[in-house]
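Quick notes on the structure that follows.
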Amino acid sequence: MASGPHNQAPSKSVGPEYRPDTQKPMATVSTALSHENVHILPQTPQLIALLTMIRDKNTGRADFIFYSNRIIRLLVEEGLNHLPVVEQTITTPVGRTYSGVKFEGKICGVSIMRAGEAMEQGLRDCCRSVRIGKILIQRDEETSKPKLYYDKLPEDISDRWVLLLDPMLATGGSALMAVEVLIARGVPENHILFLNLIASPEGAKNFAERFPKVRVVTAFVDIGLDQKNYIVPGLGDFGDRFYTM
Amino acid sequence: MLQATRRHHYSPPWGDASIIGVAGSSGSGKTSLALAIVAQLNLPWVVIMSMDSFYKPLTPEQSRKAFLNEYDFDAPEAIDFDILVERLRDIKQGKVAEVPMYSFEKHARLPQTTTIYSPHVLILEGIFALHDQRVLDMLDLKIFAEADADLCLSRRLVRDVKERGRDIEGCIKQWFGFVKPNFHKYVAPQREIADVIIPRGIENKVAISMVSDQIQKTLSHKSAAHQLELRRLGKIAEESPLSPNALVLKETNQVRGVHSLLMNTVTSREDYIFYFDRMIAMLIEKAIDFLPFQPHQVVTPQGNVYMGLRKSAEVSAVVILRGGSALETGLRRTIPDCQTGRILIQTNYRTGEPELHYRALPLDLAKSGLVLLLDSQMSTGGAALMAVRVLVDHGVPEDRILFVTYLAGHVGVNRVLGVFPDVRVVVARLGDDMEDRWVETRYLGC
């Protein structure tokens, strides 16, 4: 099926279960995807409202930062759920037992510069002292293909679970290249989690085909890409809106 | 879907307030007597209301006369008994009562009011406290304060000149023109219907302690009835299945892992605070999904249209002290400018009865789209029940109240939701019934 910006955006009434459908407002929700490795956050009215804020061109930078941080925290919380745990029994302060779990395995964050760095705060809000590596990938003017310019990663990265950060997944050119870099450093494919705010169906598909074991956690899948390969409707340039606009 | 939810009745200790009327001549020491009784009891739920607040607003002509000391303030007609009766009814039923404020300097009612809420015992003092039959019907104890007429005049002179900005000639004119004749006509007859007559005002230590003892007895009776009420509701709560309005945070790996860290006694306090804040931020995100939203179309910087949502009302929070204060960091991470009220409810360590000590609520709380009631832990549900009742008394619709807590038990949750079935409880973990409070102790470190 040819996917493009003329796809019909799915519309749904959203709200808590207890509320009858007639009392739930209609909104455009994430496009559903069938790729097993793509995990889309539950489309709650709260999440839709947050996305509405950051998509709005009239939202100022302070609000843009605050609201995107809230979504990023939800993404991180969901992403961390994919990490392994071991069963552990706890004695509670009142002397009862609780069958809990213990987090297993070391993690690190890797942000794709510059927009991905905007997600580091949200990651640190959930994982206080997490190590963060960086990768700079830019489009080569001559070949118009992504090119790796710089990377600085923890030395023991092959022993870690990697949370790869980039807010916008359009064609997936740079994200796929970043995954290649990680794999080249010895990170197993199934130890990589790609955290992303808004994805295009094309980007998600490219990921699913190239790296089916990399889990993609995203807040929303938009309807498609325009001629310039921007996500539609998208939110503009995330890095510009977060850092400079 | 038609679901008949049974609603159980809960009467807080202020639900049927006792009212004590103290009448007596001007200058007979009513006010000092009432103050002495309240001072001896020293409890926040024994409150004085002066009938002076209920003087009728004056017409310009009456006002002119008043400044010439020719207006009769000492006749029953000067008092707005209709408003007084209305406010007393509110207080008797445990509702919020806005009491007018009267300025003696300006001879006018001021635009602002004082709020009286939740007294268990109210002392109404004024020269005509035992005058109106509608008031008498609400009184549980009728007191008449008696004093020598010379003493009354001298006290009145001192008070009016010092505290109410009058001159001496005017006061004397009032005394012989109005106060004295009115005393014989209206004030003295109240003596006949009083239960207790107290001579010599505050010097009468025996009488003061007798009245205080009587009030103390009333209070313990109310407290016992309240404890019984809570036990009755607890029994119903135990026997019924967990209310569908209790929502528990989904047990994902992260949630279980954070619970494990929070409940493990070897976790450092630093870690405990970090993970608790993180958990509460998740809980608040879940809670505010209950806000009303409306469709909202926006245009992206590239000119694309997105059909999204916008919240159509604001969230407020009310923190139950002190436990609830542990949730404020998590709250502000999600809603930094959340309008926040505070109420202090303490559990009496002797009786286990929750007691309302203090409240400071946002003025327009009733207009919020959602009110988050925050407490770190719900144990017996007694304090929670009381807190919900306070919000309902302040006009917040039940279905807009969301009780947010880290830990709760089946009985506690049901005790609240049995009485207020439209309230919702959002809880991070369902624990044992009546678990001792430990969550805020670990967060606050004491």
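Letters A, B, ... are given to chains in the order of the sequence lines, protein chains preceding strands, and every chain is numbered from 1. Values reported hereafter were calculated over all heavy atoms of this structure, with side chains retained and with hydrogens, waters and symmetry mates removed.
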Part of B/Q297 within contact of chain A (heavy atom distance under 4.5 Å): neither
Residue part contacting chain B, namely of A/E104, when any heavy atom lies under 4.5 Å: neither
Contacting region of B/F274 [heavy-atom separation from chain A under 4.5 Å]: side chain
Salt bridge (charged side-chain N to carboxylate O under 4.0 Å, His left out) evaluation trace for B/D375 with B/R322: CA-CA 8 Å; B/D375 200 353; B/R322 74 172 178 159; over 6 Å; no
Interface moiety of A/T91 toward chain B, non-hydrogen atoms closer than 4.5 Å: backbone
Pick from B/P292, B/P336, B/A281 with the largest number of heavy-atom pairs that fall under 4.5 Å of chain A: B/P336
Greatest number of heavy atom pairs closer than 4.5 Å to chain A - which of B/R429, B/R333, B/M282: B/R333
Best-contacting candidate, A/R73, A/E78, A/R55, A/M26, against chain B by heavy atom pairs under 4.5 angstrom: A/R55
Top contributor to chain B interface from A/S11, A/A27, A/C126 [non-hydrogen pairs under 4.5 Å]: A/C126
For chain B, the option from A/G236, A/G234, A/P233 that forms the most heavy-atom pairs under 4.5 Å: A/P233
A/I54, part contacting chain B, at a heavy-atom distance under 4.5 Å: neither
Part of A/L80 within contact of chain B (heavy atom distance under 4.5 Å): both
Donor-acceptor pair between A/S111 and A/E120 side chains, under 3.5 angstrom: yes
Sidechain N-carboxylate O distance under 4.0 Å for B/E398, B/R7: yes
Among the listed options A/Y67, A/F66, A/Y230, the residue most often paired with chain B at heavy-atom distances under 4.5 Å: A/F66
For chain B, the option from A/P25, A/G100, A/P84, A/S99 that forms the most heavy-atom pairs under 4.5 Å: A/P25
Top of B/E435, B/Q294, B/K286, B/E285 for chain A proximity - count of heavy-atom pairs under 4.5 angstrom: B/E285
Salt bridge flag under 4.0 Å for residues A/R215 and A/E36: no
Salt-bridge criterion met for B/R310 and A/D56 (N-O under 4.0 Å): no
Pair B/Y406 and B/H259, ring centroids less than 6.0 Å apart: yes
Engaged part of B/L261 at the chain A interface, taking heavy atoms whose separation is under 4.5 Å: side chain
Residue B/V258 versus chain A: region with a heavy atom under 4.5 Å: both
B/Y272 side chain to B/D277 side chain, donor-acceptor N/O pair below 3.5 angstrom: no
Side-chain H-bond candidate by donor/acceptor type, B/T252 with A/N81, under 3.5 Å: yes
When B/T265, B/N253, B/D289, B/N304 are compared by non-hydrogen pairs under 4.5 Å with chain A, the top option: B/D289
Salt-bridge present (B/R400, B/D422; N to O < 4.0 Å): no
Polar side chain donor-acceptor pair, B/R332 to B/T340, under 3.5 angstrom: yes
Plane angle bin for A/H82 and A/H39 - parallel if under 30°, tilted between 30 and 60°, otherwise perpendicular: tilted
Among A/M53, A/K102, A/R96, residue most engaged with chain B (heavy-atom pairs, under 4.5 Å): A/R96
